Structures are given as structure tokens and as C-alpha cells.
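I'd like to ask some things about the structure below.
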There are 2 protein chains.
Amino acid sequence: MAEKISGAVITRLPRYYRYLGELLEEGIDRISSRELSGRMKVTASQIRQDLNNFGGFGQQGYGYNVANLYDEIGKILGIGLTQNMIVIGAGHLGQAIANYTNYGKRGFVIKALFDINPDLAGYSVNSAPVYPLSKLEDYLKENDVKIAAICIPKTHSGEVAKRLTAAGIKAIWNFSHLDLDVPDDVIVENVHLSESLMKLSYKLNYESEKK
Amino acid sequence: MAEKISGAVITRLPRYYRYLGELLEEGIDRISSRELSGRMKVTASQIRQDLNNFGGFGQQGYGYNVANLYDEIGKILGIGLTQNMIVIGAGHLGQAIANYTNYGKRGFVIKALFDINPDLAGYSVNSAPVYPLSKLEDYLKENDVKIAAICIPKTHSGEVAKRLTAAGIKAIWNFSHLDLDVPDDVIVENVHLSESLMKLSYKLNYESEKK
DNA sequence: TCCATATTGTTAAAAATTTTACAAAAATTA
DNA sequence: TAATTTTTGTAAAATTTTTAACAATATGGA
């Protein structure tokens, strides 16, 4: 894995993983790039190219073993390692996240939520406790957590990101409407919902223009 | 706008819009592509190329008028047109969405939520009523709604998507863990949260490998 | 076992995207 | 007002990504 893998490839990996999971559930134990291509609506060539960034998982004349490929992609994605997470913001979105990732998603365990409103402390969401934000640093000193989801408005997210990285957080799943400025060794994965909705809006306009 | 605009460009538009909004708030009334480049961490050239897909909004020796460019991009994105929306699923995520888009986001008005659990009917979220899912078709017959957000598990989202498009919905904001199969003239914008988290996980592994 | 078929891994070609470079034009300064 | 500076819009070059093509190889059937 010496060569730098392009972002486009990485973005597609979880989708392969999802389809392979579905195949497993269907009891299918082997699949060719062409058949997968038909299901996923991408070219067979792209599937083979993407996978070969990480190794030759297939076999000529046979295709890919579903269970094996599923495991391999899982490993590449770091699934099954058990990653502790915290969620900043116990509002609707924070609660949705705290419930969502438990939906069977592998290895990601939400250990706690933090909220600026101290009145929420004592409650729990999906069996994860809610603490006041003031206890953030103390908590991180005593618990092995690398990932934090930021589910608070942009007015406070920049400040909180600073506190998180200062306290040792290595990856931020950012739902706030702001591009976070973090040290080089910290990863940020953005989910800008309103930008996604605007994209939908653009396409809606553009499509209706066609008629 | 005869030429087909690439997906990459469209994805970047909302981000330009966001930064221009910030500039407006800061009271800055003109900006060059180079200055914006510094803020957004993209090349000035890309900014100019992107904008010129839609027209020459700038002026040599001056740059871009912030208010004007903000408006123009807003128009391109269809902002301010007032789009009615419904949300399928009144769980945590559906409620988060119903609250979220109201956060000042322009023109998108959530008129109602629908849930398979009829006991939720009668409640309201952010002043939008919750109806039983069985009333979906009746509701869409009597209300002008083009956009639906799907916030239910994949076990039911395929079926619901069929009902939505049959009832005239033109765009689906899909939060379910499934690629929806819809007619050609219907737009789908996916938000696959667990795939986003896996991407983060990949990067976390990859980064730590570097050390 | 041998032959026809299937299918990968990979190289090469094509297409798309991004960056560079610069002429044209407006703004600012002297 | 003229000269200098700034900055766009865009053509061309460079890079990246995707698709096509195919030799190598395994499978499955006769």
C-alpha cells in the first residue's frame, strides 16, 4: 500500500462493502466484477481497478469470493477494531447519531455525549451518558477515545474542535456548518447536510429546466 | 447553460455559497479569486473556472462583488424559491432533519412528517404535524410537495420510494442505507452516514500507519 | 486429460478535471 | 491623463480518473 490511494477510491470502498454484505445475506458466495457491476451500476473495470489498489482478491475464471472480499474490505476500512467515540451536542442530531451508529454498524461504540447545557447531564441516549461539556477534558484524560462527532452549531464548533484536538482526539466527524481548522495529524470527515440539500435543489431546477 | 456541468463543480457550489455568506456577514463587499482561494483552501484558478461555467460574474482588476455573487450562486442553486418538503420517518433522524433545515436554511420548508407508527400521529415536530404513513398518498394529492427526505431503515425505504414517486415526488433526499431505484426524472441525493464514518475510519487507520 | 469458457490483473487509451499561463481590461496611483 | 498594478476569463498544458482491451490463468465440462 505504498502508493497514495485516491479519495475517489476510498469513497467507493464503503459502498462495495455494503453490496458485499447484501450478497452475503442473500447467501451468494461468489461474484464476478461483471455481475457486481450490474448491481452497483458502475463499470466492471472500475471495480477491478479499485480493488487492485489493495491487492488481488479475485481469481481468473472464478471471480471474487464474497465472504473473503467482504472481510478484506472490512479490514481496509478498519471495521471490527472497536473504536470508541463521543458525540458533542445532545440535541436531535447528536441523539440521532448516538442511536444510528448502533444500528449494527461494526466496531463504532458511542461511549458518551457532551452538551453545553448542564441540565441534560444525567440523561442517557441509547445507554450512553450525557455529560456537561465542561467535563470534556477530564473525560478524555481517563478514556481511550479517538473519534468525536461534532453535532453543535458553527458558533461553537470551532472552539470545541480546538479543545478536542488539544485533548488528544484524532478524528472528527463534523456535522457543523464550518470547515474546521485542525492540526495536520487530525482527520476531519465532513457531513454538510445543508450543502447536500442545495445540491439536490440544483439538480431539481436543472432537471425541470430540461422539459 | 447549454453544456453539462460536471458533478464536481455542483458539489463545490454550496461551499462557495457558504463562504460568500460568511463574507457578507463580515461586511466584506468585494473579493478576488486569490483571496477567496486563501480562505477556502482551493486554487484561485478552480474558483474562476467553476464560476465561469455559469457566467462571468467578476470584473478584471476588481474581483467579485460579494453580494452579487452570493445572489447569483443562490439563484443557480435554486435558493429562495420556497420548496415544500416532507420527511418520512419521525424517529431521531427525521426529527433532526425537521429541526435542522429550519436553522435558517433558505426556502426549504418542512410541511409534514410521516411515520409507520400511527401512535405518533397528532404530535408535531418544529411545528410540522406527524401523520400516519397510510395517509401519504392523500396528503400528496392535496399539497404541492416535490421533495421528500427518507429517514427510515432500508427494510422499508425501497417500498416507500416507490410510493413517493408514484405520488408525484420529484426529488428524494435519501438517508437510508440503500440505493433507491427510481424513474429517470426523479432526483436522488444520498446521505449515507455509515459510509461517511467508514471513510473516516479508513483515514484514521491509514494516518496512524504512517507513523 | 484436454478444450472451451470465464474472468481476473494490468497495460494502454480515452475522458475528465485541475492547474498554469497570459492577453485583455478595469482599477488605482502618480 | 498616463503608467502601473490588479485581476478576470479562457486557452492550453498537465494531471488524474475512468474505460477499454487483452494476455494470462483458472474453471468446468466432455
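Residue numbering restarts at 1 for every chain, and letters A, B, ... go by the order of the sequence lines. Remember, it's a predicted structure, so these values are computed and weren't measured experimentally.
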Listed nucleotide nearest any side-chain atom of R12(B), set dT18(C), dA12(C), dT8(D):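 Nearest to the side chain of R12(B) among the choices is dT18(C).
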
Minimum-distance nucleotide to R48(A) side chain [options: dG9(D), dC22(D), dT27(D)]: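 Of all the options, the side chain of R48(A) is nearest to dC22(D).
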
Interatomic distance, I47(B) CD1 vs dT7(D) C1' [rounded to whole Å]: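 To the nearest whole Å, that distance equals 13 Å.
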
Which nucleotide in dG9(D), dA21(D), dA25(C) has an atom nearest any side-chain atom of Q60(B): dA25(C)

D179(B) vs H192(B) side-chain heavy atoms within contact, under 4.5 Å: yes

A8(A) vs G61(A), nearer the 5' end of DNA chain D by closest nucleotide: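 Residue closer to the 5' terminus by nearest nucleotide: A8(A).
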
T165(B) (side chain) donor-acceptor with A161(B) (main chain) under 3.5 angstrom: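 A pair under 3.5 Å: yes.
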
Shortest side-chain distance from Q46(B), nucleotide among dG9(C), dT8(C), dT18(C): dT18(C)

Of the listed nucleotides dT10(D), dT17(C), dT8(C), the one nearest the side chain of Q49(B):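 It is dT10(D).
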
Under-4.0 Å side-chain N/O to phosphate OP1/OP2 contact, Y64(B) with dA26(C): no

Under-4.0 Å side-chain N/O to phosphate OP1/OP2 contact, R30(B) with dT6(D):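 No, R30(B) has no side-chain N/O under 4.0 Å of OP1/OP2 on dT6(D).
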
Derivation and outcome, side-chain contact (heavy atoms from CB on, under 4.5 Å), residues F54(B) and I73(B): CA-CA 9 Å; F54(B) 302 96; I73(B) 297 180; over 6 Å; no

Spacing between N52(A) atom CG and dT17(D) atom C1', to the nearest angstrom: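 About 16 Å, once rounded to whole Å.
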
Check: S45(B) side chain, dT20(C) base, donor-acceptor under 3.5 Å: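 By the distance-only test, yes, there is a pair.
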
Cationic N near anionic O, under 4.0 Å, R15(B) to E195(A): no

Any Q59(A) side-chain N or O less than 4.0 Å from OP1/OP2 of dT8(C):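 Negative; the distance criterion is not met.
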
Among dT8(D), dA12(D), dT19(D), the nucleotide that comes nearest once only the side chain of S33(B) is considered: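 So the side chain of S33(B) is nearest to dT8(D).
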
